[in-house]
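Computed from a prediction, not measured in an experiment: that's the story for all the values here. Residue numbers start from 1 in every chain, and the chains themselves are labelled A, B, ... in the order their sequence lines are given, proteins ahead of strands.
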There are 2 protein chains.
Amino acid sequence: MTKAPTVYDVAERAGVSIATVSRVLRTPDAVRPATRDRVLDAVTDLGYVPSGSARGLAERRTGVLGLYFPGFDAVEGIPPLDVLADGQAGPYTVVREDGPRDDGRASMLFQDEVLRGAELEAWRRGFVLMVGVGRGDPATATVRDMAGRVDGLVVLAGSVADPMLERLAERVPVVVLAGPRHGDRHDHVTVSNTEGMAALTRHVLARTGGRAPVYLAGPDDSPDGAQRWEGFCAALADAGCPLDDVVVRHGDFTRSSGRRVGERLIAEGLPAALMSSNDQMALGVLDALHAAGVDVPGDLVVTGFDGIDAGALSTPSLTTVRQPMRELGRAAIQVLARRLDAPGAAPMSVRLPVEVVLRGSA
Amino acid sequence: MTKAPTVYDVAERAGVSIATVSRVLRTPDAVRPATRDRVLDAVTDLGYVPSGSARGLAERRTGVLGLYFPGFDAVEGIPPLDVLADGQAGPYTVVREDGPRDDGRASMLFQDEVLRGAELEAWRRGFVLMVGVGRGDPATATVRDMAGRVDGLVVLAGSVADPMLERLAERVPVVVLAGPRHGDRHDHVTVSNTEGMAALTRHVLARTGGRAPVYLAGPDDSPDGAQRWEGFCAALADAGCPLDDVVVRHGDFTRSSGRRVGERLIAEGLPAALMSSNDQMALGVLDALHAAGVDVPGDLVVTGFDGIDAGALSTPSLTTVRQPMRELGRAAIQVLARRLDAPGAAPMSVRLPVEVVLRGSA
DNA sequence: GTGAAAGCGCTAACAC
DNA sequence: GTGTTAGCGCTTTCAC
């Protein structure tokens, strides 16, 4: 750690040239066994670890793939923490907790799972993963930085503005993940949001005798949300159910926003069905309904979208559409790897199938 | 992407030397505004992004920090997936789901949260994060690789064998995360496992009139598990409760293993309390108890450890000890950053406080 | 099978 | 303020 040994150190110790050291590490068979062993011993003795930077420079590839997420935490909202400064706090505190807290994590679960899948697939191909999160405006700085350090980049839809995306794509292969395809210039991976929501809507309409559900939408800028809304509309149209009859409520994908909508539902009279554009909000609706003693699915049916674990544990359990999150991450890396192998190939768009999960709430 | 522009290209286009280009990027104030603008324009026009490898080599620092986890997925258990090959699957399928499935994710949540915290703190300090996962034996290859690419490494306890840890530490600063401290050669960050479990045990003993709980242990090689067991024993000793009276059951940290233990509990007669070394298993116990109509906490009290969200949603909600997972990740990076600033400082060990969360189950 | 030498793209003295 | 130049640690022809 004082000063890391280099090929030169290893070469000297083994009594060979640096070229031979390099060969031993990269093409062991091209070196006579005796020589090879001497070099390997020197490597071990010195604790030699090749410099990724030097390798990357010489090889013109880094062996690193990047994954870039939209910010999940506002820059202003970062709680202070300084483990070096304080430290005199006791080893534990005791708190009493009653109701379930709003679970801020669930929204991150999608990203976590994608990350898992991406890491797995990157590893299988001999790459390591670099992860970045877009925060505020210098966000662009982070992703540009990453572009300079990786062989390819997976970018979640909505994390990078279009012009920047083009710039990045000029530097390294880029795969856009989730949302609808945006032009045909980039590789793209997504799930069947539209078809999944349409199928779910058909199921709900069948249950409610075709009466129009209330739709609980998410933030306007959610690409996936838009696709789900599309699927909902399409199924309605197919069933001959006029879109005008549909009441649309808006939330921000959090459980508490769903809770508020649920309370309003109760106040204004229950519809036959409430279809939420994500699970979190649906769970919030269920919370409010449960508190008011409403019978789900007896009085109305409720559905979500995503397939988070909490939906399987709620009462009643939540009917939803499950997206293959981990597979999404894996697929993105697979597509990226293909692009690396075949730079000239036409950009592709892959759509992964979803699962309509019928449970208690509908 | 055909061939990325370099400083030379930028310099030529702006009519300056490469040194000036470098200056504009690193110390803009050291360059006359007119020159600076010309360079910046050239950068924009060309879509120039500096090579991380070249920078890293010249600067002798990469600006990357590494985070290395123990494997969460067995190499054999990786489901096949090839999005490039198949593709003719329908856009969705419909499934019916009744009971809650075993939630394999919960065990990863800890890692996910640590990762979140680490990424956040790395970003705040101008670093980007590289993540790796130990799998099988060439695992060592991954982490060595990482060591060659980063300025510092956070390694989860149990992910790297001791000798390899020493080698890594020779190359880059290393912070060990979780578990008990292992010698005093490395920086170390953990939570108050022992004290937390001791406090919880005292609470349980108070409720049960000092009758010995059944202890549900995890895998033997879990460093955190060992600390929790220690805390349990300490509290028992303090209370004058003989350890011989304690029945110990073993699980593997999964919900289903907890369920099995719960069933056995019912078959063999209920104790006054069941204390599990993690939440997942405690939830499994609750599942079994619930299915058998046992009243918790009336007939016996149950506790967990970790503070996962599912514990707040179970019936009854789970009394547990919450570890500050995200803060752990942040703390690890903070300690790593300190080490980078002060290479000579004595290795430190930071212990984060935990929260004893009293809920319905005890 | 092995060595000498020319880069890879950048930073940082050091001159001017 | 700006240009020249010498590395940073590795891979990879090209000779031998």
Side-chain angles (χ1 to χ4, degrees), chain A residues 1-40 42-43 46-64 144-145 147-151 171-172, chain B residues 1-40 42-43 46-64 144-145 147-151 171-172:
Chain A
M1 213 180 90
T2 338
K3 49 171 195 231
T6 72
V7 261
Y8 292 94
D9 301 319
V10 176
E12 185 179 347
R13 187 169 233 268
V16 298
S17 77
I18 62 164
T20 297
V21 175
S22 183
R23 278 193 203 98
V24 169
L25 265 29
R26 309 194 58 74
T27 52
D29 298 329
V31 177
R32 188 192 309 152
T35 319
R36 189 198 311 155
D37 292 344
R38 287 214 319 283
V39 171
L40 255 15
V43 166
L46 263 30
Y48 169 71
V49 176
S51 150
S53 295
R55 274 209 168 158
L57 186 53
E59 245 173 308
R60 252 148 305 186
R61 71 182 284 284
T62 61
V64 181
R144 276 189 40 181
D145 230 68
R149 301 174 195 276
V150 301
D151 295 330
R171 195 16 151 104
V172 292
Chain B
M1 212 181 91
T2 337
K3 52 172 194 235
T6 71
V7 263
Y8 293 95
D9 300 319
V10 176
E12 186 178 346
R13 187 167 233 268
V16 299
S17 76
I18 60 165
T20 298
V21 175
S22 182
R23 277 191 205 101
V24 168
L25 266 29
R26 310 190 59 72
T27 52
D29 298 327
V31 178
R32 188 192 310 152
T35 319
R36 191 198 310 155
D37 291 343
R38 288 216 317 283
V39 172
L40 255 15
V43 166
L46 263 31
Y48 169 71
V49 176
S51 151
S53 295
R55 273 208 168 159
L57 186 54
E59 245 174 309
R60 250 148 307 185
R61 69 182 286 284
T62 61
V64 181
R144 276 188 42 181
D145 231 65
R149 300 174 196 276
V150 301
D151 294 331
R171 188 32 146 94
V172 293

For a quick check, with a 4.0 angstrom heavy-atom cut-off, what is the B/S/- contact string for nucleotides 8-16 of chain D, read 5' to 3'? BBBBBB---

Once salt bridge (charged side-chain N to carboxylate O under 4.0 Å, His left out) is applied, do any residues pair with B/Arg32, and if so which ones, sequence neighbours excluded?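 Listed in chain order: nothing, the list is empty.
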
Under the salt bridge (charged side-chain N to carboxylate O under 4.0 Å, His left out) test, residues paired with A/Arg13 that sit two or more places apart: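 Result, salt bridge (charged side-chain N to carboxylate O under 4.0 Å, His left out) vs A/Arg13: A/Asp45.
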
Under 3.5 Å donor-acceptor, B/Asp9 side chain and B/Thr6 backbone: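 It does hold such a pair.
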
Donor-acceptor contact present, side-chain A/Arg61 to main-chain A/Asp151, <3.5 Å: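 Not at all, since once roles are kept as given, no pair shorter than 3.5 Å links the two residues.
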
Hey, could you give me the [atom1]/[atom2] distance between [X] and [Y], rounded to the nearest 0.5 Å?
| X | Y | atom1 | atom2 | result |
| --- | --- | --- | --- | --- |
| A/Leu40 | A/Thr35 | CG | OG1 | 11.5 Å |
| A/Arg55 | B/Asp145 | CZ | CG | 7.0 Å |
| A/Leu57 | A/Thr62 | CG | OG1 | 11.5 Å |
| B/Ser51 | A/Arg171 | OG | CZ | 6.0 Å |

Identified side chain to side chain contact (heavy atoms under 4.5 Å, CB included) partner of B/Val16 from the options B/Val10, B/Val21, B/Val24, B/Val31: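 Looking at B/Val10, B/Val21, B/Val24, B/Val31, the match for B/Val16 under the side chain to side chain contact (heavy atoms under 4.5 Å, CB included) is B/Val21.
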
Could you tell me the boundaries of the chain B footprint on DNA chain C, defined by atoms under 4.0 Å from its heavy atoms?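 Contact boundaries, 5' end first: C/dG9 to C/dA13.
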
With sequence neighbours left out, which residue pairs that include part of residues 19-29 of chain B fulfil the side chain to side chain donor-acceptor pair (under 3.5 Å) condition?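 Every pair satisfying side chain to side chain donor-acceptor pair (under 3.5 Å) with a residue in residues 19-29 of chain B: B/Arg26-B/Glu59.
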
Give me the bend of the helix from C/dG1-D/dC16 to C/dC16-D/dG1, using the axes of the five pairs at each end, rounded to 10°.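 Overall, the helix from C/dG1-D/dC16 to C/dC16-D/dG1 bends by 30° from one end axis to the other.
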
